[in-house]
Structure formats: C-alpha cells, structure tokens
Number of protein chains: 2
Amino acid sequence: MEFSPVSQQDLPRQIADQIRQAITEGSIGADERLPTEEELAKRFGVSRPTIREALKRLAAQNLIRSKRGPSGGTFVNRPDLVELGEELASSTRLLVGLNSLSPEEMIQCRLEMEQLCAGLAARNRAEADLSALESALAQQRRFIDQPEQFCRADVCFHRALVDASGNALLKLLMFAVIEGLQPVSNMIVFRYPERDLIISQHEALLSAIRAGDETAAREQIVRQVETLAAQMRRAQDESRRSRA
Amino acid sequence: MEFSPVSQQDLPRQIADQIRQAITEGSIGADERLPTEEELAKRFGVSRPTIREALKRLAAQNLIRSKRGPSGGTFVNRPDLVELGEELASSTRLLVGLNSLSPEEMIQCRLEMEQLCAGLAARNRAEADLSALESALAQQRRFIDQPEQFCRADVCFHRALVDASGNALLKLLMFAVIEGLQPVSNMIVFRYPERDLIISQHEALLSAIRAGDETAAREQIVRQVETLAAQMRRAQDESRRSRA
DNA sequence: CCCCGCTATTTGTCAAACAAATTAACAATA
DNA sequence: TATTGTTAATTTGTTTGACAAATAGCGGGG
C-alpha cells in the first residue's frame, strides 16, 4: 500500500481521497485493517491529528470503522446496502427540507417507480415475499388505532414490496422514495383517519401480486399514490388556509 | 441554536449528528454561518480538535464548507443535486466492485428506469431538452473514432434524456443507473466497434421524444439496453474463455 | 480613487501528553 | 488441566497549547 506525499492544501481531504481510492480500487479489501494512525502519519508525512481528520471523513461515508486495543485499528467497512439506502433517504429529506425537491416531484417519482416495483414483484415474487407482505399488512390491521406503529408497518409493507422486486439496486434507490417520503406520509397518517382505506388498497395489491397479475398490481399502485397525493394536497390547502 | 451536553462515547460523531439535525430541520439555513470552532467547543463542552473532527464528518457529506479569515468560518452548503448524484454513482460502483450488486441487476434496473424516463421525456420535453439531446448526439457522431470522448458524449446523451423527464428526484436516482454503470459501458465502447449502431438507436429515440410518442420512446430504450446487455454477456464470455 | 501595508480573525496543522478501551499473556487456584 | 484474575502493551480518543496560513477590513499615502 503506497501513499504519495501530499501538498499543502486541505491535507485531510487529500489523504481521505487517496485512502478512498485505494478502497474503491480494491487495494484494501473489506474488513482489512489499515496501518495505525501513527504509521499513516509517518507515511503521509503529516501529524496524527491530520490523519484523524482524514479518517473522520471516511467514517462519515461509512467506508471505515475504528476500534481500540491491541487488535484494534481502522478497518475497511463491508458496504451495506441498507446503510447506503438510509443515507440516501436522509439526503432526500434534506433536499425537501431546503426546498431543492418538491413533494409533488417525490410523489410523481413514487408513482412511477412503485409501479415498476409492483410489476417486477408480480413477476418475480417468492413465497417468502408474500409472507413478508402479509405480515406487514397484519401489523397495519393490528395498529389501525395507533398512528405511530401504523406508519412503521406501512413502511414495512412498502419495503416488502420493493424487496419482492428482487433487484438490489432498486432496493437501494427506493429508500429515497419510501423512507425519504416518510415524514410526509407520517404527517398524513396522523392527520387523516382513512387508515382502513390504506389497508384495503394494500390487500388488493397483495392479491394482484400473489396472482402474478402485473397489470392489476400497477393499477393498485396508481390508486394508492393518487390517494396519497390527494391527501397531501388537502393538507397543503388546510395549511394555506390557516395561514391566511 | 441549542446543543445538549454529549456523553462520553464517540464525541465527534454525536456532535456531527446534532449539527446535521439542526441543518436538516432548517434551524440553520443554506449559506448561513455556524459559530466559530472555539465557540462550538465551548457550547458542547469539548476541545477544539474534537469539534474539528465532527466538522470533518459533515464536510465529507458536503453539508458544510470552511473558510479562513475574519469573515471566514464554517458555512452550511446549499445542497447540490449533482454532488449528491455523483456520490450515489460512486457508492453504486463500490457495491459493484465488492460484488454486492451484479451487473445484471444494474442492467435490469436501467432497462426499467430508463423506459420510465423516456416515457416522461416524451410527455414533458421542452425545446431546450431536444437541443441538449441533439447536441450530445452530434458529439457522439463527431467522436465516433475516439472512444474516450465518445463515452463522455454517450453519458451526456443519457443525462440529457433524464433531464428531459423533468423530475428532480429521478435526476438524482439515475446517477446510480447512468453514471454508476459508466465503467461497464466504457469497457464495452472500447472493446466493441458498433458505435454507429448506438448512434442510430439514439437517433430513433430522439425522434420518438420529439414526436411525443411515449410508446416508441420506451421501445427504443428496450432495444438499446438489450444491445448493451448482449455486449456485456459477450465480454463476460470472452473473459471466462480467456481464463480457462 | 487606487494601492499597499498592517492588524485582527478564523481556520489549518503540529507536538506532546494523558485517558479509555481492549486483548493477550502470565500467574494463581481449584 | 481448566478457569479466573491481574497486568502490561497497544491502539484509538481527547485535551492543551502553540504556531502557520489565508483573508478581510481599515488606514495612510500617492
């Protein structure tokens, strides 16, 4: 493992970029240990706090983790799709919070992508997928009067749908669409009592998927997302009215 | 801006999480200045290097930037969709590099999502979108004998298609699918000389979008992605054969 | 008005020291 | 022999203090 001397500008960033490059290239594999902080400081010709700042950059990107003790050190993280997905969901919420992304765009994207997932799920689903969907639906029925738990089960249902698509990259990207939209859908579930409608829509979707009926599955998604969009518009109108 | 005292475990991470939360909630707006490192150290009851380590975490996520001098300090970054997208593409390539994601899954995802984008582009495109597509296509024609530039123009064409969909979240997510697949598609462009086929496929797609013909646009995507998939299988077979 | 030098401010980096967590090795005991 | 307890060594985690680098603003001179 060879690192080149670094120039005088933003040392931690440059060091982090070099280490990141080595990881991305596979020069250091997942779960492998990097040299000690002291050794890295020697190799890069900088101080140990500078190395630590660089390592914090990498830690923030979940590329490494650290541990104390004689068998401790800094280790390369095995990339975790769920972690990356949660980061993506968080970034999406940030974009919404800072008005770089509108709720309408998110809904449109959800309408399109969830149809896609439903179609793939109807085509590809296994028995375990159906069980997961049923289980999430049962939780929704159970918690119909407890909004917080209902929301959680709702996300589980949609997550199970995405998992049933059988495509790992879609699983990742749908974090933006499902978990990223969670604050909005939570707000709606707390505000409006039509949870039985949500449940019956999910039941119809589950039936279509069980039957392998791609067209019906897609149609059910259109219905659900249109319901969600209508509720969201209603909430926005009410907010505007209470502010005028 | 209130921060609570932090417990004794992984201080920089906890501090970074609190600041990130304040940013996501909008308590600190884009381009606003955070307190000085010295002031933050006082408020959190920790040392300045610990604050610096926390800030490096936030910098790694492009949430903040720093500047020296009397009007310097730490500023909240305006979230940039392209930066987030490039990060997503990079994470996707890492997943592929470490075999957590297969090229086949990426191709499947591309087939589905690019059809979606083509459909939306046919419906939503503006004159500027058509110009961008034409321009990218002209670059591809120009560089048909220069693989590197051809690849760059190819990505520009696909990027223009995604932009023509008019949905910001899709723009973000498609970084995983277009730019994330770039090493693979570059390899194919370098290896196989059927660049004129790619160009004619892009021409047919552009015509369909100009005509607002959603069905034809989707069909063109199916053709293109199937060509890409076939070339990829060919490359894998050749690799396997040269290893046996 | 423009240019230059100086000062103050803030981040960037380094050095040194000590604390905290952890593992491995060794000793004692049953 | 197996188990438990203790100690030393190792690595990361945090603090203190000092100085360097970059920068903006202000004042003075041409």
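Please read these numbers as outputs of a predicted model, since none were measured by experiment. Residue numbers start from 1 in every chain, and the chains themselves are labelled A, B, ... in the order their sequence lines are given, proteins ahead of strands.
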> Between D:dT15, C:dA8, C:dT11, which nucleotide gets closest to the side-chain atoms of B:E37?
Replying inline: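 Selected nucleotide (nearest to the side chain): C:dT11.
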> Between C:dT13, D:dT12, D:dT23, which nucleotide has the shortest distance from any of its atoms to the side chain of A:T36?
Replying inline: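 The answer is D:dT12.
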[X] side chain near [N] phosphate (N/O to OP1/OP2, under 4.0 Å):
X	N	answer
B:R52	C:dG12	yes
B:S71	D:dA24	no
B:T50	D:dT15	yes
B:T74	C:dT11	yes
A:K67	C:dT23	yes

> Does one side chain, of A:Q108 or B:N167, offer a donor that lies under 3.5 Å from an acceptor on the other?
Replying inline: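 There is such a pair (donor and acceptor under 3.5 Å, judged by atom type) between the side chains of A:Q108 and B:N167.
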>> Need to verify one output field. Residue with the more 5' nearest nucleotide on DNA chain C, A:G72 or A:S47?
In response: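 So the residue in question is A:S47.
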>> Looking at the base of D:dG17, is there any donor atom on it, or on the side chain of B:R48, that sits under 3.5 Å from an acceptor on the other one?
In response: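 No, the side chain and the base share no sub-3.5 Å donor-acceptor pair.
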>> According to salt bridge (charged side-chain N to carboxylate O under 4.0 Å, His left out), who are the partners of B:R20, at least two apart in sequence or on a separate chain?
In response: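 Testing B:R20 for salt bridge (charged side-chain N to carboxylate O under 4.0 Å, His left out), a comparison that skips the adjacent residues, returns A:E87.
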>> Ring-plane angle category for A:H202 and A:H158, please: parallel below 30°, perpendicular beyond 60°, tilted otherwise.
In response: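 Aromatic pair A:H202/A:H158 classed perpendicular.
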